[in-house]
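Please read all numbers here as calculations on a predicted model, not as lab measurements.
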Amino acid sequence: MCRKISCPISRAVCEQILGGIIPAFDGGTPYLLKKLIMQMHMRALRPVVIVAYERVPFVYEQGNVRVTFDRNLRSSDKIERFFDGNAPFRPVLPIGTDMMEVKFDGFLPDFINEALQTSALQWTSFSKYYLCRKYRMRGGYDF
C-alpha cells in the first residue's frame, strides 16, 4: 500500500530547490513544503535525478480505479536543466518496455481483474525513481 500527497509550489521556489538553495518559509507555506524544507536542513536532502516518462491514463469511477500506461522511462542528472526542453536524458528500460499500473480504492471490478489475468504481464512492485537512481549508481551514462 502506498499513499502520495502533494502541494503546489511556485516556479521560483522550485528553481531555488533545484539550485541547491533551501527556501525560507512562513505561516502561509503549505505544511508539506515546510516538511520538505526541514528535511533539507536536517538530512541534507537535495535533488539528484530527473525522472521523465510518457503516461496514458484511464479512470473507471466505480471503485476509483486508475489504470496508467507509462513508456519511455528516462532519467537525467542535469538537475539545473529541469525546465529545459532539450535537457539530455538516458533511457532506463529497453525500448518497447511499457509499465502498466493499476490502482484502486474501493474494489477492483471483475472485468478489469479478468483483463489482467494473462501470462504476458509481469506482476511486480516498481518505483520509477528507484530504478532511475539505481541505474545511475551502477554507472549509467555521463553527459
Side-chain angles (χ1 to χ4, degrees), residues 1-61 63-106 108-109 111-143:
M1 304 296 281
C2 70
R3 179 176 177 226
K4 295 182 182 181
I5 54 176
S6 63
C7 74
I9 62 171
S10 68
R11 181 166 175 155
V13 168
C14 185
E15 287 174 346
Q16 282 183 317
I17 293 170
L18 292 171
I21 300 167
I22 300 174
F25 65 87
D26 58 28
T29 304
Y31 169 76
L32 190 59
L33 181 55
K34 286 180 190 176
K35 191 172 177 179
L36 172 64
I37 291 168
M38 293 308 299
Q39 290 297 313
M40 290 175 77
H41 278 293
M42 294 169 30
R43 297 178 59 205
L45 295 184
R46 66 192 186 343
V48 291
V49 66
I50 302 170
V51 176
Y53 52 92
E54 298 161 17
R55 171 167 279 182
V56 178
F58 297 92
V59 176
Y60 184 70
E61 296 296 327
N64 192 25
V65 180
R66 288 96 55 212
V67 178
T68 57
F69 293 92
D70 298 338
R71 67 171 29 167
N72 193 19
L73 177 62
R74 56 205 188 279
S75 67
S76 177
D77 298 328
K78 302 297 181 187
I79 302 302
E80 68 280 2
R81 296 185 63 183
F82 183 79
F83 291 109
D84 178 351
N86 296 313
F89 284 91
R90 65 185 153 269
V92 175
L93 294 175
I95 302 284
T97 302
D98 294 349
M99 297 155 283
M100 179 177 71
E101 294 181 51
V102 179
K103 302 175 187 172
F104 58 96
D105 292 339
L108 185 62
F111 78 93
I112 294 176
N113 188 41
E114 289 171 14
L116 297 174
Q117 305 306 314
T118 174
S119 61
L121 298 177
Q122 178 182 348
W123 292 75
T124 184
S125 302
F126 191 82
S127 166
K128 289 179 275 295
Y129 172 77
Y130 172 78
L131 190 62
C132 289
R133 289 283 290 145
K134 181 178 176 185
Y135 180 81
R136 178 64 186 116
M137 288 186 279
R138 289 177 42 211
Y141 303 109
D142 286 321
F143 295 107

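With sequence neighbours left out, the side-chain contact (heavy atoms from CB on, under 4.5 Å) criterion links Glu101 to Arg55, Thr68, Asp70, Lys103, Lys128. Residues passing the side-chain contact (heavy atoms from CB on, under 4.5 Å) test with Asn64 are Arg66, Asp105, sequence neighbours excluded. Residues forming a side-chain contact (heavy atoms from CB on, under 4.5 Å) with Ala115 (at least two apart in sequence, or on another chain): none. Shown here are the ring pair (Phe, Tyr, Trp, His ring centres under 6.0 Å) partners of Phe111, two or more places apart in sequence or in another chain: Tyr60. The side-chain hydrogen bond (donor to acceptor under 3.5 Å, both in side chains) check on Glu61 picks up nothing, with sequence neighbours excluded. Residues passing the salt bridge (charged side-chain N to carboxylate O under 4.0 Å, His left out) test with Arg46: none are found, sequence neighbours excluded. Ser127 is linked by a side-chain contact (heavy atoms from CB on, under 4.5 Å) to Tyr129, Tyr130, counting only residues two or more places apart in sequence or in another chain. With sequence neighbours excluded, no residue forms a side-chain hydrogen bond (donor to acceptor under 3.5 Å, both in side chains) with Asn86.
A distance of 10.5 Å separates OH of Tyr53 from CZ of Arg74, quoted to the nearest 0.5 Å. Remark: Leu131 CG to Arg133 CZ distance equals 12.0 Å, nearest 0.5 Å. The CG atom of Asp77 lies 9.5 Å from the SG atom of Cys132; values are rounded to the nearest 0.5 Å. For the atom pair CG (Leu73) and OG1 (Thr97), the distance works out to 10.0 Å, reported to the nearest 0.5 Å. Interatomic distance, CD1 of Ile95 versus CG of Asn72, reported as 7.0 Å (0.5 Å rounding).
By the 4.5 Å heavy-atom criterion applied to side chains, Glu80 and Lys78 are counted as neighbours. No side-chain heavy atom of Asp98 sits less than 4.5 Å from a side-chain heavy atom of Phe69.
More than 12 heavy atoms of other residues, nucleotides or ligands sit less than 6.0 Å from atom CZ of Arg81.
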Which atom pairs, one a donor and one an acceptor, fall under 3.5 Å between side chains of residues 23-36 and the rest of the protein, sequence neighbours left out?
from: Asp26; atom 1: OD1; to: Gly28; atom 2: N; distance (Å): 2.8
from: Asp26; atom 1: OD1; to: Thr29; atom 2: N; distance (Å): 3.3
from: Asp26; atom 1: OD1; to: Thr29; atom 2: OG1; distance (Å): 3.4
from: Thr29; atom 1: OG1; to: Asp26; atom 2: N; distance (Å): 2.9
from: Thr29; atom 1: OG1; to: Asp26; atom 2: O; distance (Å): 3.2

Expected list for residues 8-21: side-chain donor-acceptor pairs under 3.5 angstrom, two or more places apart:
from: Ser10; atom 1: OG; to: Val13; atom 2: N; distance (Å): 3.1
from: Arg11; atom 1: NE; to: Glu15; atom 2: OE2; distance (Å): 2.8

